[in-house]
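When reading the values below, keep in mind they use all heavy atoms of this one structure, side chains included, and skip hydrogens, waters and symmetry mates. Naming: A, B, ... by sequence-line order, numbering from 1 per chain. Owing to the predicted nature of the structure, the values given are computational and were not obtained by experimental measurement.
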Number of protein chains: 2
Amino acid sequence: MPETLTARDDEALAEQVYQLVLEAIVAGKYEQGARLRERELSELYNVSRIPVREAIQRLEQDGFVETFPRRGAVVRQLTLTDVNELFDVRLCLETFAARMAAARVAAGEPGGRLRELLDDARQAIDDGRSDDVVRLSAAFHAEIVRLSGNRLLIESVKPLFGRMRWIFGLAHNRSNELQRDEHMELCNAILGGKADLAYTLAYSHIELGREPVLKGLAQTLEP
Amino acid sequence: MPETLTARDDEALAEQVYQLVLEAIVAGKYEQGARLRERELSELYNVSRIPVREAIQRLEQDGFVETFPRRGAVVRQLTLTDVNELFDVRLCLETFAARMAAARVAAGEPGGRLRELLDDARQAIDDGRSDDVVRLSAAFHAEIVRLSGNRLLIESVKPLFGRMRWIFGLAHNRSNELQRDEHMELCNAILGGKADLAYTLAYSHIELGREPVLKGLAQTLEP
DNA sequence: AGTCTTTTTTTGGTATACAAAAAGTTCCGG
DNA sequence: CCGGAACTTTTTGTATACCAAAAAAAGACT
């Protein structure tokens, strides 16, 4: 479908290929252990093999594909273990981010786009734009990490967010309303500079998301 | 010095180049913002530019170099902020790993090479093999993460360990004896299946390492 | 000296080629 | 009919040569 031949734009070709393949994977167009052949992709997107190789390398590091020496890359298949691992690591990093973000706000740092994202989400929910709701929810979480001010943390979390998008694409989530309420509380804690509260709220918010996603994925996987 | 021309061994060339350049960076042979030119490296190691590019890409993702579009890669310079960020993220992930490792041991999982690494460290300290001491200390921390059983966590921590090696190379650490004592206690907690104790011990052990490293790096950086 | 212009380097990318390892296929014998 | 052995085709990993365009460096000119 997106047999776009990419010309020289403003971004590196490898980046564009990465985005396109990622989009295809997240959209479920490569299901199960499909092979990603370099020549295939380079012909599909009208680029040479080099950008394709770099894109695949990045896809591997971000956990979307698995490569085997001399056998190339295959699309990973998400397991329940993957989801559990992801939620565990998120619990580590995002709760810390929330605490740090609150502490920094308490120390006078600006609160970023947190409130704004929440307002946008309100609109998106009311308008029924469910894609935007998902996107804004992810952006909210990302913004908290950004507000932590820890660049290494931001780096470390980036691949997790990629995986989250994938997972949430496959396994649907619980009520947008409920989630937004939790986001709202968390936002208030952070902007109020209440570090411990922010930590606790982030923890329960993330943990509450685990079961529904596991159930959703189990359904998508089993039958 | 390592003007080795790499032939086809068992590992991919890109991997070898990555290791060689990383080694050079960690050893301080590229200090400050030195540029890494593709052609330069490909001639130095007698490989084509392709493996060099992939190696540089990985070096960037692991935080050793920074690349700018159309200007290539330069070796990053470590700042005190980098060190603080690293310790913060380590506190997140490694304490969690310690807790999980202990919980898994309590649930009957094997204790891995933890004790063995500790014994080796004892020997290395007694023999005054300080390089080995550092290596074994890193291996101990890595083993704990491995014992957590969370593959995503293992993946997420990998780049941190790379940075740690770099930092510990520049800024020397506190007494090996003290550190080994702490490792011993932590090891006992994990192998004893005491999750909360393992968490606490891991926390204080990591935190105790922060100040000395900061001081050491400040000295290396200032004059 | 300080800016404008020209040259040189260097990156990002293309195309093509090739050895070697997988994967696939055919053929063969039990 | 089925399991392997031998052959063929793909595909990866790498090399080489080349190009456009952006940076960096070097001149040139007030």
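For Leu13(A), counting side-chain heavy atoms from C-beta on, the closest listed nucleotide (dA22(D), dG13(C), dA21(C)) is dG13(C).
Pairs passing the salt bridge (charged side-chain N to carboxylate O under 4.0 Å, His left out) check and including a residue from residues 56-65 of chain A, sequence neighbours excluded, read Glu15(A)-Arg58(A).
OP1 and OP2 of dT11(D) both lie 4.0 Å or more from every side-chain N or O belonging to Arg71(A).
The pair Glu94(B)-Arg99(B) does not meet the salt-bridge criterion, since no charged nitrogen lies less than 4.0 angstrom from a carboxylate oxygen. Contact check on Asp132(A) versus Arg135(A) returns a salt bridge, with a Lys/Arg side-chain nitrogen under 4.0 Å from an Asp/Glu carboxylate oxygen. Salt-bridge check for Arg90(A) with Glu85(A): failed, with every basic side-chain N at 4.0 Å or more from each acidic carboxylate O. Under the 4.0 Å criterion applied to side-chain N and carboxylate O atoms, Arg210(A) and Asp88(A) are assigned as salt-bridge partners.
For Arg70(B) and dC19(D), the CZ to P distance is 16 Å, given to the nearest whole Å. Whole-Å rounding puts the Gln16(A) CD to dG12(C) P distance at 14 Å. Atom CZ in Phe68(A) sits about 15 Å away from atom C1' in dA23(C), given to the nearest Å.
Considering only heavy atoms from C-beta on, Phe140(A) comes within 4.5 Å of Cys187(A) through its side chain.
Within a heavy-atom distance below 4.0 Å of DNA chain D, the residues of residues 33-40 of chain A found are Arg35(A), Leu36(A), Arg37(A), Glu38(A), Arg39(A). For DNA chain D, the residues of residues 48-66 of chain B within the heavy-atom distance limit of 4.0 Å (strictly under) are Ser48(B), Arg49(B), Ile50(B), Pro51(B), sorted by number.
By the salt bridge (charged side-chain N to carboxylate O under 4.0 Å, His left out) test, Asp127(A) pairs with Arg129(A), sequence neighbours left out. The salt bridge (charged side-chain N to carboxylate O under 4.0 Å, His left out) test applied to Arg76(B) returns Asp82(B), not counting sequence neighbours.
Judged purely by atom type and a 3.5 angstrom limit, Thr220(B) uses its side chain to pair as donor or acceptor with the backbone of Gly216(B). Listed for the Arg104(B) side chain is a donor-acceptor partner under 3.5 Å among the backbone atoms of Leu147(B).
Rounding to the nearest 0.5 Å places CG of Leu93(B) at 5.5 Å from SG of Cys92(A).
Over its full length, the helix from dA1(C)-dT30(D) to dG30(C)-dC1(D) turns its helical axis through 10°, comparing axes from the five pairs at each end and rounding to 10°.
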